*Asks:* 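Below: one structure in structure tokens.
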Amino acid sequence: MSVKARLVLPEETPAGPVSVVGDFNHWNLHAHPLAARGDGTRAATVALPANSTHAFRYLAAGDYWFNDEMAGHHDGTSSHLHT
């Protein structure tokens, strides 16, 4: 069984294109770009196995990597999402 996780950021924070990369997409920089939504945010949806934990980060323009402050757990390197 899988669940869909939606990862959301404000539209311009940070400016420019942003992708979510993680163990669920083999850290592929192009697999899950965030798309603008009508409410002023941008998001990507990923399908993940139920009852599992996944490491991820965001990659913005200029090779700027950052974590998700709203994630349930951080290990000092990555954000973690539990389904």
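As the structure is a prediction and not an experimental result, all values here were calculated from the model.
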*Asks:* I'd like to check the salt bridge (Lys or Arg N to Asp or Glu O under 4.0 Å) partners of Asp63; sequence neighbours left out, ordered by chain and number.
*Replies:*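 Asp63 satisfies salt bridge (Lys or Arg N to Asp or Glu O under 4.0 Å) with no other residue.
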*Asks:* Kindly write out the residues that satisfy side chain to side chain contact (heavy atoms under 4.5 Å, CB included) with His73, not counting sequence neighbours, or none if the list is empty.
*Replies:*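 Scan of His73 (side chain to side chain contact (heavy atoms under 4.5 Å, CB included), adjacent residues dropped) gives Asp75, His80.
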*Asks:* Kindly compute the distance separating NE2 (His32) from OH (Tyr58), expressed to the nearest 0.5 Å.
*Replies:*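 Reported to 0.5 Å precision, the distance equals 12.0 Å.
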*Asks:* Mind checking what makes side chain to side chain contact (heavy atoms under 4.5 Å, CB included) contact with Ser79, not counting sequence neighbours?
*Replies:*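 Ser79 satisfies side chain to side chain contact (heavy atoms under 4.5 Å, CB included) with Phe56, Asn67, Asp68, Ala71, His74 only.
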*Asks:* Could you work out the complete set of other residues in the hydrophobic cluster of Trp27, with links drawn between I, L, V, M, F, W and Y side chains under 4.5 Å apart?
*Replies:*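 Members alongside Trp27: Val21, Leu29, Leu59, Trp65.
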*Asks:* Measure the CG-OG distance between Leu34 and Ser19 for me, rounded to the nearest 0.5 Å.
*Replies:*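 Interatomic distance, Leu34 CG to Ser19 OG, rounded to 0.5 Å: 7.0 Å.
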*Asks:* For Ser52, which residues count as a side chain to side chain donor-acceptor pair (under 3.5 Å) partner, sequence neighbours excluded?
*Replies:*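 Ser52 satisfies side chain to side chain donor-acceptor pair (under 3.5 Å) with His54, Thr83 once adjacent residues are dropped.
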*Asks:* Which atoms form the tightest heavy-atom contact between Ala44 and Pro33, and what is the distance?
*Replies:*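 Minimum heavy-atom separation between Ala44 and Pro33: CB-O, 3.8 Å.
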*Asks:* Output the distance between atom CG (Asn25) and atom NE2 (His30), rounded to the nearest 0.5 Å.
*Replies:*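 Rounded to the nearest 0.5 Å, the CG-NE2 separation comes to 11.0 Å.
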*Asks:* Give me each pair satisfying side chain to side chain donor-acceptor pair (under 3.5 Å) with a member in residues 36-45, each pair once, sequence neighbours excluded.
*Replies:*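 The answer is Arg6-Thr45, Arg37-Asp39, Arg37-Thr41, Asp39-Thr41.
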